[in-house]
Each structure stands twice: as structure tokens, then as C-alpha cells.
S.K.: 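Submitted below is the structure of interest, expressed as C-alpha cells.
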2 protein chains.
Amino acid sequence: MEDGTLKSPGYVDSTTTDADFDVRHWDAREGCEVRQILDRVADKWSLLVIAMLDCESLRFSQLRREIDGVSQRMLSVTLRKLERDGLVSRTVHPVVPPRVDYALTPLGRTLHETIKALVTWTETHQQEIAEARAAYDARHGMMEA
Amino acid sequence: MEDGTLKSPGYVDSTTTDADFDVRHWDAREGCEVRQILDRVADKWSLLVIAMLDCESLRFSQLRREIDGVSQRMLSVTLRKLERDGLVSRTVHPVVPPRVDYALTPLGRTLHETIKALVTWTETHQQEIAEARAAYDARHGMMEA
DNA sequence: CAGTATCCGCTCTGATACTG
DNA sequence: CAGTATCAGAGCGGATACTG
């Protein structure tokens, strides 16, 4: 079930330019890691976890309580993926009642900045989107039914 | 099958502050439109379509050819969602061989800027992530199997 | 050309149960 | 407390066929 990420470890393509931003460099091609990482990073729970971990490190149950919409399984799975990607660190405290702390790594912290921008965009434009949807539904929804 | 977006058209919450960026304002709560919009916007095909439409307006078949990994169905579905959200405009030319052009709306154009940032982050850090994964797999993968 | 409708498999996800 | 294992249901996404 490995997604084959180890198949091309150091693949960079050399065409990575942030100036012209050619779309074709990150399309759906199989070898494109960017798309795959994007999926990981844009994941529903990943976004929430990274956001929660912004300022403080949290325990498993704290995260679960805070996010609350998440199931134990999904939180666990998400956390492991994030840990594997080097975005979140996992610290086990060898105490009687097991205690595990999760925190953002420096890399994870840089991602948070970017995610913030996306969320801010959404917050800023949610009103416009809601209106667009209402308008669309008014135009199309009525002729049928 | 409606996701009930019309239930709270003008909901803004008044706590929307981009300064402190309180995570709890966009968590998984049902009433939170931000999460839902985020899912739409972070969608695999949406990202590609918006990227393709950056500089020019394209026809359905052109989009399909360019993205190419996409099926006709998914492109159609994605386009309709994007149109409903007011991110993409659809122009039908009443000619003998039907011709439809898709383009980014002004709103869609602002989103592209943000998406670009996310993609740039991914491109910039894909190497680090690949290394983190390799390290993780080396640590965990070996003890079993 | 530009879609829509249908079938269907596969993944994602939640609920439940069990372990260290 | 902090997970993992298993199972079943929902939904996504693809292939195919049909329409305006």
C-alpha cells in the first residue's frame, strides 16, 4: 500500500521555477510528487491538525477533543502521515499513563504560513461564494422540478 | 444531494479576524462554511482547472486534453462546481458545432494567487519531505516484515 | 463538440473492539 | 491514555453509452 514515494527520492526536475509558474510542471502526471504532496497537505484533517498545532504542542486526546469532528482512527492516520512527512513531531513520555505530545516541526511551521493564506482567502470570500451559489441555484434549480 | 449551503447564506460570524487567526473559527463544525469551501478549493481537479485557466480561456476539450489525467465526467463535474462557486465563467457560443469557453472570473483569479503560494511551498519543500519519508520508513519499516 | 446518465469498483471514513 | 485491527457503509472517480 506504499504509494511508491521512495521510487524517486531526489527527483526535482530542475525546471522548478517560481517566477513564471508553468502549470505543466505540477499536473497530474504520475511522476509528479507535487500533486501527491498537495493532496496530503490539502487534506481535511491535515489542515486542521496543523492549524491546531500552530502555537502549542498537544496530546492525542487534546487534539481529538479540539478537532472533535475527527474519529480516533482518522486522527491517528493523519498524525502518522504528517509525522512521516516531517511536518509533525511525535514525543512519547515513558510515564505510567502513556503520554504523547505532538508538535509542528520547523518545516511544518512554514507550511502553516501558507495554509493560513488559503484559509484567509476562504474567510475573505465566503460571502461572495455563497452569493454566487445562490445565484447559480436560482438560475438552474428552478427549471427542473 | 444539496449540501445545504443555502441554509446560511449570509453567515459571517463577525469573529472573522485575519490578525490573530484563531483556529477555532474554521474547524469541522457543521455550520462552518470555510471548511466546506476549503475542501472544494483544495480539490485535486479544481486546482488543476484553475491553474490551466490562469492566462487564457479554454474550451472543454482543450481543458480535457491539457489536464488529460481527468475523465470527461470529472472535468464536467468540477467545472460545474467551480461555476456555481463563481470561480469560473461558462460562455456558450450558439454555433453549429457547439462551442463553450471557460475562463477564470475575477474571484477565481484571486484564488489562483493563493493556490500558487501553496504549490510553490510544495515545490520548494518536496525534497525535504521526500527525505523525511525515507527516514521515517527506515526507522519503522524495518522492524516488521 | 459538449455534455448528461448509469454502472461499478475502490478508497476513504466512522464505529466497534481489542492491546500496551 | 494512546493507539491498532477489522468491518461495513458512503462517496469519489472512471468507463461506457447516450443526447442536444
Side-chain angles (χ1 to χ4, degrees), chain A residues 1-4 28 30 35-36 39-49 52-53 57-84 88-103 136 140-141 143-145, chain B residues 1-4 28 30 35-36 39-49 53 57-84 88-103 140-141 143-145:
Chain A
M1 271 48 184
E2 304 305 290
D3 22 69
E30 353 297 293
R35 256 250 44 77
Q36 190 244 81
D39 274 344
R40 167 72 35 84
V41 142
D43 173 70
K44 175 178 180 175
W45 301 124
S46 296
L47 240 34
L48 273 327
V49 168
M52 287 298 182
L53 258 24
S57 88
L58 295 171
R59 301 177 56 175
F60 188 87
S61 31
Q62 287 181 302
L63 276 171
R64 201 188 168 185
R65 181 183 315 284
E66 297 267 28
I67 299 183
D68 152 274
V70 73
S71 68
Q72 186 177 34
R73 173 185 151 75
M74 277 302 95
L75 181 55
S76 183
V77 169
T78 300
L79 248 15
R80 241 181 308 111
K81 289 192 300 185
L82 255 20
E83 188 197 355
R84 191 170 101 104
V88 162
S89 65
R90 179 172 180 272
T91 310
V92 182
H93 300 280
V95 294
V96 192
R99 178 200 175 92
V100 181
D101 282 301
Y102 291 93
Y136 181 94
H140 299 255
M143 51 189 78
E144 58 213 51
Chain B
M1 269 52 177
E2 305 306 288
D3 22 68
E30 354 296 295
R35 257 250 41 74
Q36 190 244 82
D39 273 344
R40 166 72 35 84
V41 141
D43 173 70
K44 177 178 180 175
W45 300 124
S46 294
L47 240 33
L48 273 326
V49 168
L53 257 25
S57 89
L58 295 172
R59 302 177 55 175
F60 188 88
S61 30
Q62 287 181 304
L63 276 170
R64 200 187 170 187
R65 181 184 313 283
E66 296 268 28
I67 298 183
D68 151 277
V70 72
S71 66
Q72 185 176 33
R73 172 186 150 78
M74 277 301 97
L75 180 56
S76 182
V77 169
T78 301
L79 247 16
R80 242 181 306 113
K81 289 192 300 187
L82 254 23
E83 187 196 356
R84 191 170 100 104
V88 162
S89 65
R90 179 172 180 272
T91 310
V92 182
H93 300 279
V95 293
V96 193
R99 177 199 175 92
V100 181
D101 283 300
Y102 291 93
H140 298 256
M143 50 189 77
E144 59 214 46

S.K.: Given atom CG of Asp39(B) and atom P of dG13(D), what is their separation to the nearest angstrom?
M.R.: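 For the pair Asp39(B) CG and dG13(D) P, the rounded distance is 11 Å.
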S.K.: Quick check against the 3.5 Å criterion: does Ser46(A) have a side-chain atom that pairs as donor or acceptor with the backbone of Arg40(A)?
M.R.: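 Yes, the answer is positive, given that a donor and an acceptor are paired below the 3.5 Å cut-off.
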S.K.: Asp101(B) and side-chain hydrogen bond (donor to acceptor under 3.5 Å, both in side chains): which single residue from Gln62(B), Arg59(B), His93(B) fits?
M.R.: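 Result: among Gln62(B), Arg59(B), His93(B), His93(B) is the only option passing the side-chain hydrogen bond (donor to acceptor under 3.5 Å, both in side chains) with Asp101(B).
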S.K.: Which stems, defined as runs of 3 or more consecutive Watson-Crick or G-U wobble pairs with both pairing distances under 3.5 Å, involve DNA chain C?
M.R.: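 Expected stems, ordered by start: C:1-20 with D:1-20.
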S.K.: Just checking Pro97(A): base, sugar-phosphate only, or nothing, at a heavy-atom cut-off of under 4.0 Å?
M.R.: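 The residue Pro97(A) makes no contact with any strand.
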S.K.: To the nearest Å, give me how far apart CH2 (Trp45(B)) and C1' (dC12(D)) are.
M.R.: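 Computing the Trp45(B):CH2 to dC12(D):C1' distance gives 12 Å.
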S.K.: Drop me the distance from Arg64(B)'s CZ to Leu79(B)'s CG, to the nearest 0.5 angstrom.
M.R.: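 Reported value, rounded in 0.5 Å steps: 12.5 Å.
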S.K.: Ser76(B) side chain N/O closer than 4.0 Å to the phosphate oxygens (OP1, OP2) of dT4(C)?
M.R.: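 Ser76(B) to dT4(C) OP1/OP2: side-chain N or O found under 4.0 Å.
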S.K.: Whole angstrom is fine here: how far is it from CG in Asp43(B) over to P in dC12(D)?
M.R.: 10 Å
S.K.: Val49(A) and Leu82(A): side-chain contact (heavy atoms from CB on, under 4.5 Å), yes or no, with the steps?
M.R.: CA-CA 9 Å; Val49(A) 168; Leu82(A) 255 20; 3.8 Å; yes
S.K.: In whole Å, I'd like the distance from the CZ atom of Arg73(A) to the P atom of dC7(D).
M.R.: 13 Å
S.K.: Between Trp45(A) and Val70(A), is any pair of side-chain heavy atoms under 4.5 Å apart?
M.R.: yes
S.K.: Establish, with yes or no, whether the OP1 or OP2 oxygen of dG3(D) is under 4.0 angstrom from a side-chain nitrogen or oxygen of Tyr102(A).
M.R.: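 Tyr102(A) to dG3(D) OP1/OP2: side-chain N or O found under 4.0 Å.
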S.K.: Begin with the C-alpha distance, continue with both residues' side-chain angles, and end with the deciding distance and a verdict on side-chain contact (heavy atoms from CB on, under 4.5 Å) for Tyr136(A) and Arg80(B).
M.R.: CA-CA 10 Å; Tyr136(A) 181 94; Arg80(B) 242 181 306 113; 3.5 Å; yes
S.K.: State which of dC1(C), dC1(D), dG3(C) makes the closest approach to the side chain of Ser61(B).
M.R.: dC1(C)
S.K.: Toward the 5' end of DNA chain C, which comes first, Gln72(A) or Arg65(B), by nearest nucleotide?
M.R.: Arg65(B)
S.K.: Quickly work out the Met74(A) CE to dA15(C) P distance and round it to whole Å.
M.R.: 11 Å
S.K.: Rounded to the Å, how far apart are Leu79(B) CG and dC1(C) P?
M.R.: 16 Å
S.K.: Starting at atom NZ of Lys44(B), determine the distance to atom P of dG14(D), rounded to an integer number of angstrom.
M.R.: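 So the NZ-P distance, Lys44(B) to dG14(D), works out to 6 Å.
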S.K.: Determine whether Glu66(A) and Leu63(A) satisfy the following criterion, side-chain contact (heavy atoms from CB on, under 4.5 Å), listing intermediate values before the conclusion.
M.R.: CA-CA 5 Å; Glu66(A) 297 267 28; Leu63(A) 276 171; 5.8 Å; no
S.K.: Between Arg80(B) (CZ) and dG3(C) (P), how many Å, whole number?
M.R.: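 To the nearest whole Å, that distance equals 9 Å.
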S.K.: By the 4.0 Å heavy-atom rule, please label Arg64(B) as base, sugar-phosphate, or nothing.
M.R.: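 No contact.
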